[in-house]
Amino acid sequence: MLKLLYFARLRESLGTDSEAVELAPSVRDVAGLMDWLRTRGGSWSEELAPGRTVRVSVNLEMAEATTPVRDGDEVALFPPVTGG
Amino acid sequence: MLKLLYFARLRESLGTDSEAVELAPSVRDVAGLMDWLRTRGGSWSEELAPGRTVRVSVNLEMAEATTPVRDGDEVALFPPVTGG
Amino acid sequence: MPVRVQAEDFDAGAEILALRRGNPKIGALASFIGLVRDVNNGEPVTGMTLEHYPGMTEKALENIVSEAQSRWDVLDALVIHRVGLLLPTDQIVLVVVSSAHRGDAFAACEFIMDYLKTRAPFWKKEQTAQGTRWVEARETDDRSAERWEKMSPASAAHRPR
Amino acid sequence: MPVRVQAEDFDAGAEILALRRGNPKIGALASFIGLVRDVNNGEPVTGMTLEHYPGMTEKALENIVSEAQSRWDVLDALVIHRVGLLLPTDQIVLVVVSSAHRGDAFAACEFIMDYLKTRAPFWKKEQTAQGTRWVEARETDDRSAERWEKMSPASAAHRPR
């Protein structure tokens, strides 16, 4: 199982702040996870479209497209940060 | 009359914090005043020797060698500042 | 821990005092307070809600403070960032850095703020007369953070002491 | 007047609060406190006496604050500098600058400190086990002040907002 978290604009437009998902065997990294989530269609394909700026963290560290994603990881999706 | 003030190391080594002096006619600017004060000899010629770093203000503004000095002015001599 | 994320307000004066008190090695203490303005991009703002990612936010702030400590001679550092509903004139963030010399204190304090702005997971949602809106990340904040990356160790060291 | 020279200690927290309170245009507040260290150039220091030039010192500080206000978008600024006998851990100087944006607040605050160090008539006499000695001006302080002179208006403006 993978723990998925959503924050800020993504949390609102996707209508959820977290979910637990069974990883598809094709998903090996962040890019693969995004591809897989986009197949859900609707606001998923919209918000996670390649042109949109979405930041991803894996186990509390900022991640890149090639960062590996494994069973048991906590992955979060969110917009660029705006604190301070 | 010219009001002369001395601060910090200069105040101590010259042994005075202020004096009123009658301006010699030859004194027209800061450089002339320094030349004239050096003629006093002793610690005056020592402390105000051309190699020593002495700062001069005229009427509360930082001055240069060519800054005019006139009757009624307040002139201060002091070392480079070390506040903050 | 030099990092706190909290809904409550903070007493900047008391925090500064606590950081400097009784340490005769401190010659310089730089601090920064970020506050809610009543306007943003020319539009009136009546309030904002700050969201964060519990766990990751604290970790990110600790990493930023550690990075500052590795770059400059920092004696002590503190970051407090608020979350939840905030109103104009409310305090958002406090950064305090103590050092022997002012160049290190200023640089580390500004560095922490610049990195916090681009790397710590906080998100602002503003309230305006037209409703609420998520604040967009600013390109100028990215440029501010990038300044420190382009800075070589040599030029970083060439600050007043 | 945004400038005070005094023998008494100051309450940095209260001063910061007074400067920011009730002004919803302030988004950023940078402050600096200079403190007496128990060591200087590797030698233990037991105290110091700060001398100034009454009249000129206040004027010089006001000029420095005005110069900062002409270079950056400063909403308000305060400088307090102490004189007389000070002991290790005592506060020497406080600079507080408020602005809409953090880049202006940081730059103006650091500028005021750098110029104060080289242009405001204060002189320190340190007490050590070997007796008292006048502190020598530091070349690094001159370099810090010169940074701002070499800075073109364009590069000065290229700070985070």
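All figures in this text were calculated on a predicted structure; none of them were measured in a lab. Chain identifiers are assigned alphabetically (A, B, ...) following the order of the sequence lines, protein sequences preceding nucleic acid strands; residue numbering begins at 1 within each chain.
If you tally non-hydrogen atom pairs under 4.5 Å between each of C:G34, C:A105, C:A28, C:A14 and chain D, the highest count goes to C:A28. For the set D:G22, D:G13, D:A145, D:S31, the count of heavy-atom pairs under 4.5 angstrom toward chain C peaks at D:S31. Ranking D:V93, D:I26, D:L17 against chain C, the residue ahead of the rest is D:I26, based on heavy-atom pairs under 4.5 Å.
A pairwise comparison of heavy atoms in D:D114 and C:R102 identifies OD1-NH2, 2.8 Å as the closest pair.
A distance of 9.0 Å separates CG of D:N23 from OG1 of C:T89, quoted to the nearest 0.5 Å. Atom NE2 in C:H101 sits 11.5 Å away from atom OG in D:S144 (nearest 0.5 Å). Atom CD1 of D:I33 and atom OG of C:S98 lie 10.5 Å apart (nearest 0.5 Å).
Open room surrounds CD on D:E136; 12 or fewer heavy atoms of other groups in view lie less than 6.0 Å from it.
Residue contact with chain D, scored on non-hydrogen atoms closer than 4.5 Å, is absent for C:A12. Only the side chain of C:R20 comes within contact range of chain D, judged by heavy atoms closer than 4.5 Å. For C:I16, the part sitting under 4.5 Å from any heavy atom of chain D is the side chain, from C-beta outward, and nothing else. Contacts of C:Q91 with chain D are made by side-chain atoms alone, with heavy-atom separations under 4.5 Å and no backbone atom involved. Contacts of D:V97 with chain C are absent, with no heavy-atom separation under 4.5 Å from either backbone or side chain.
Residue D:F106 forms a ring-ring contact (aromatic ring centres under 6.0 Å, His included) with just one option from C:F111, C:F106, C:F32, and that option is C:F32.
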